[in-house]
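Notes follow the structure.
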There are 2 protein chains.
Amino acid sequence: MGTSLRDVARLAGVSVKTVSNVVNGYAHVSPATRAKVEGALSQLDYRPNLSARNLRQGRTGMIALALPELDAPYFAELSRCVIDAAAEHRWLVIIEQTGGALERERRILDGVRDHHVDGLILSPVAVGAEELAARTDDTALVLLGERIYDGPADHVAIDNVRAAHDVTEHLIGLGRRRIAALGAQDDTASGTAPLRLAGYREALAAHGLPETVVKVDRYQRAEGAAAMARLLASPEPPDAVFCFNDLLALGAMRTALAAGLRVPEDVALAGLDDIEDGRYSTPTLTTIAPDKNQLARIAVDLLKQRIDGHTARPPQEFMAGYDLIVRESTMGGGLSRGAG
Amino acid sequence: MGTSLRDVARLAGVSVKTVSNVVNGYAHVSPATRAKVEGALSQLDYRPNLSARNLRQGRTGMIALALPELDAPYFAELSRCVIDAAAEHRWLVIIEQTGGALERERRILDGVRDHHVDGLILSPVAVGAEELAARTDDTALVLLGERIYDGPADHVAIDNVRAAHDVTEHLIGLGRRRIAALGAQDDTASGTAPLRLAGYREALAAHGLPETVVKVDRYQRAEGAAAMARLLASPEPPDAVFCFNDLLALGAMRTALAAGLRVPEDVALAGLDDIEDGRYSTPTLTTIAPDKNQLARIAVDLLKQRIDGHTARPPQEFMAGYDLIVRESTMGGGLSRGAG
């Protein structure tokens with residue numbers, strides 16, 4: 001037999017009801033009482049029977065996290081942050097891969113209740129406000145990391161327009177004048193590509209500089225490498241490229257170096273995501289670092305509010321912070337490189 | 001109302017029982033009949049009520065995958081393979097992060113039944129045969145990607161000794177004579193480090209070459225970078241380094257290039273894992289490529305056999321294949337590089 005709530009209550013000098021409130025994470029317990037109960041819980045090594053408790057509450061204690069690609073480093077790093085944030089509520093996380101496909105995202109939106117989860121965090125690529133409005137599943141939902149204007153669900157993102165503007169300004173400040181954007185996509189209502197493109201264009205327009213926009217299908221190294229080869233083959237190759245994520249930038253870097261170009265002397269490169277790879281590449285990669293822990297924590301906390309029904313406010317948009325991290329791929333300071 | 005099994009049976013010209021066998025994935029259906037039923041299922045867009053079926057079978061339709069680190073690219077890529085393989089059995093996958101900590105792995109081994117999953121795939125780092133033997137949870141278990149000799153559970157791995165031997169032989173074959181091993185760990189009963197070290201030593205001994213072994217705490221880029229700095233500061237630095245995973249190798253590469261060394265002319269580098277990063281680094285990274293899809297599929301299939309109770313055979317060890325992928329970091333052919 002394990003420790004009972006009664007044992008904990010006796011040691012803490014409070015009622016069983018109060019212990020139960022603390023264990024269940026209810027808000028209406030004073031900090032002093034909560035500390036006393038938590039001390040007793042820890043001293044007696046009390047382990048709540050989560051399954052039984054969840055069943056009583058009609059809960060499963062699990063949430064689903066639906067991401068385009070689990071093996072894209074940005075999403076792997078973000079998953080880890082979400083798992084860590086969810087663990088604080090003793091939630092387990094089911095990971096679903098959408099592949100960024102519309103039909104798969106739609107099925108998850110409307111079928112997640114079949115998976116017996118309490119809530120869903122979705123990083124949407126294909127679905128837009130229309131699909132969200134048509135959703136019939138009422139499982140709590142938070143959108144993470146992409147932006148859907150006026151959508152019918154809470155969502156958390158960084159300010160992609162401003163971030164793209166900042167990177168482009170940085171390249172302009174270094175004296176670059178032929179700055180390409182690598183990573184535009186076919187127009188969709190949602191997604192970050194149009195936002196990043198808008199920020200890039202804003203900054204160029206403010207300085208009267210011409211734009212060069214390269215589209216890709218996916219945000220992977222291979223696409224970045226291929227798109228860079230097209231850029232280098234153009235009559236007037238760029239002297240700087242803002243890639244819409246770090247994987248594209250690392251692919252582009254490979255193409256540039258393999259072609260014998262020096263980065264940044266011949267062409268400066270910048271990405272977005274701050275995945276670990278870019279901190280160890282040669283040259284290291286200049287990038288925008290979204291605050292992934294903050295993104296994850298806000299998403300999880302919003303989901304908890306919705307699940308607990310503590311809030312009736314209309315869906316809102318939340319912004320997490322980001323930093324421009326300047327490294328060798330734009331500033332130099334590493335090795336100069338030349339053709340072999 | 002959706003399509004019923006009866007509708008499908010009528011269209012396929014078989015019994016309801018046969019349709020049910022196909023839908024439930026039972027083996028004793030002829031390929032021709034299965035094809036007929038699957039055609040009808042697809043034509044009628046039949047969607048089984050998974051929840052109801054799972055409940056009838058006392059199943060949840062979910063398995064847990066416990067990995068050291070979700071954001072280590074090898075494990076992220078492996079997770080994706082497991083999720084894909086599990087989807088073929090219509091299983092959802094819950095991801096658990098262990099951090100490679102003994103206590104956490106032990107808790108998962110003995111607490112996974114509380115999570116309402118049908119089975120567990122664990123990639124163990126810290127637990128050994130002793131902890132496995134002491135396990136009281138009887139949820140189906142398969143061990144993936146590390147090797148525990150004579151453990152009480154099925155496990156799947158590549159032949160780490162032979163793989164390490166192959167890489168070392170490759171470096172010797174290139175004429176390298178001061179070959180260091182980067183990635184040994186403090187002795188533990190389980191884990192791949194001792195196996196990779198044994199393969200490295202075997203190959204060196206066969207050629208009468210001296211060994212240099214560098215220990216690390218974790219298999220991350222930062223540890224590889226720091227360990228390489230120590231190697232380069234030694235009186236007789238190595239002319240080749242076999243790193244026990246690709247992240248260590250990419251960290252070591254960063255240190256070597258930043259120190260103005262040419263890779264591979266001054267120092268050749270090889271890794272193990274074949275993560276995507278190493279295909280786009282400059283120079284590209286020579287590595288061992290474990291067949292991740294095969295690893296995942298074997299693990300999932302073994303787990304299914306255990307869950308279905310179709311097998312009473314004692315626990316076994318299964319080997320997945322691997323390839324030695326030779327790239328620029330040992331063979332050259334890319335750019336030569338020099339100090340800036």
Side-chain angles (χ1 to χ4, degrees), chain A residues 47 49-51 60-62 64-65 69-73 75-81 83-84 87 92-97 111 113-117 220-222 224-225 247 250-251 253-258 260 275-277 279-284 328 332-340, chain B residues 47 49-51 60-62 64-65 69-73 75-81 83-84 87 92-97 111 113-117 220-222 224-225 247 250-251 253-258 260 275-277 279-284 328 332-340:
Chain A
R47 297 198 192 182
N49 183 330
L50 285 178
S51 306
T60 63
M62 293 189 294
L65 172 64
E69 288 158 319
L70 188 58
D71 54 355
F75 289 114
E77 294 179 10
L78 192 61
S79 297
R80 181 179 192 141
C81 295
I83 289 173
D84 287 346
L92 288 172
V93 179
I94 298 176
I95 311 268
E96 298 241 21
Q97 281 189 119
R113 69 189 143 206
D114 294 340
H115 297 167
H116 303 292
V117 294
Q220 299 288 349
R221 291 180 185 88
L247 287 181
L250 290 165
M253 185 186 291
R254 169 68 193 163
T255 295
L257 295 177
I275 60 175
E276 199 187 76
D277 320 33
R279 289 171 229 161
Y280 287 88
S281 58
T282 304
T284 52
E328 295 165 3
L335 301 171
S336 73
R337 33 219 49 235
Chain B
R47 297 197 191 183
N49 183 332
L50 285 178
S51 304
T60 63
M62 293 190 293
L65 172 64
E69 289 158 318
L70 188 58
D71 54 354
F75 289 114
E77 293 179 11
L78 193 61
S79 297
R80 180 177 193 142
C81 295
I83 289 172
D84 288 346
L92 289 172
V93 179
I94 298 177
I95 312 268
E96 297 241 23
Q97 281 189 116
R113 70 190 141 205
D114 295 339
H115 298 167
H116 303 291
V117 295
Q220 299 286 349
R221 292 179 184 88
L247 287 182
L250 292 164
M253 184 186 290
R254 170 67 194 163
T255 296
L257 296 176
I275 60 174
E276 198 186 77
D277 319 34
R279 290 171 228 160
Y280 288 88
S281 57
T282 304
T284 53
E328 296 164 4
L335 302 172
S336 72
R337 31 218 50 235

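Worth saying up front: this structure is predicted, and the values here are computed from it rather than measured. Each chain gets a letter, A, B and so on, in the order the sequences are listed, and its residues count up from 1.
- A/D71 approaches B/R80 most closely through the heavy-atom pair OD1-NH1, 2.6 Å.
- Across all their heavy atoms, B/V93 and A/I94 have their closest contact at O-CG2, 3.6 Å.
- Legend: residues meeting side chain to side chain contact (heavy atoms under 4.5 Å, CB included) with A/S79, ordered by chain and number and at least two apart, are A/L65, A/L67, A/L70, A/I95, B/L70.
- When all heavy atoms of A/A225 and B/Y280 are compared, the pair lying nearest together is CB-CE2, 4.0 Å.
- Ranked by heavy-atom pairs under 4.5 Å with chain A, the list B/M253, B/E77, B/R221 is led by B/R221.
- Using a 4.5 Å cut-off between heavy atoms, B/T255 does not touch chain A at all.
- Every residue meeting the side-chain hydrogen bond (donor to acceptor under 3.5 Å, both in side chains) condition with B/R279, not counting sequence neighbours, appears here in chain and number order: B/D274.
- In terms of non-hydrogen atom pairs under 4.5 Å with chain B, the most contact-rich of A/D84, A/I275, A/I83, A/D277 is A/D277.
- With a 4.5 angstrom heavy-atom cutoff, B/Q220 touches chain A only via side-chain atoms.
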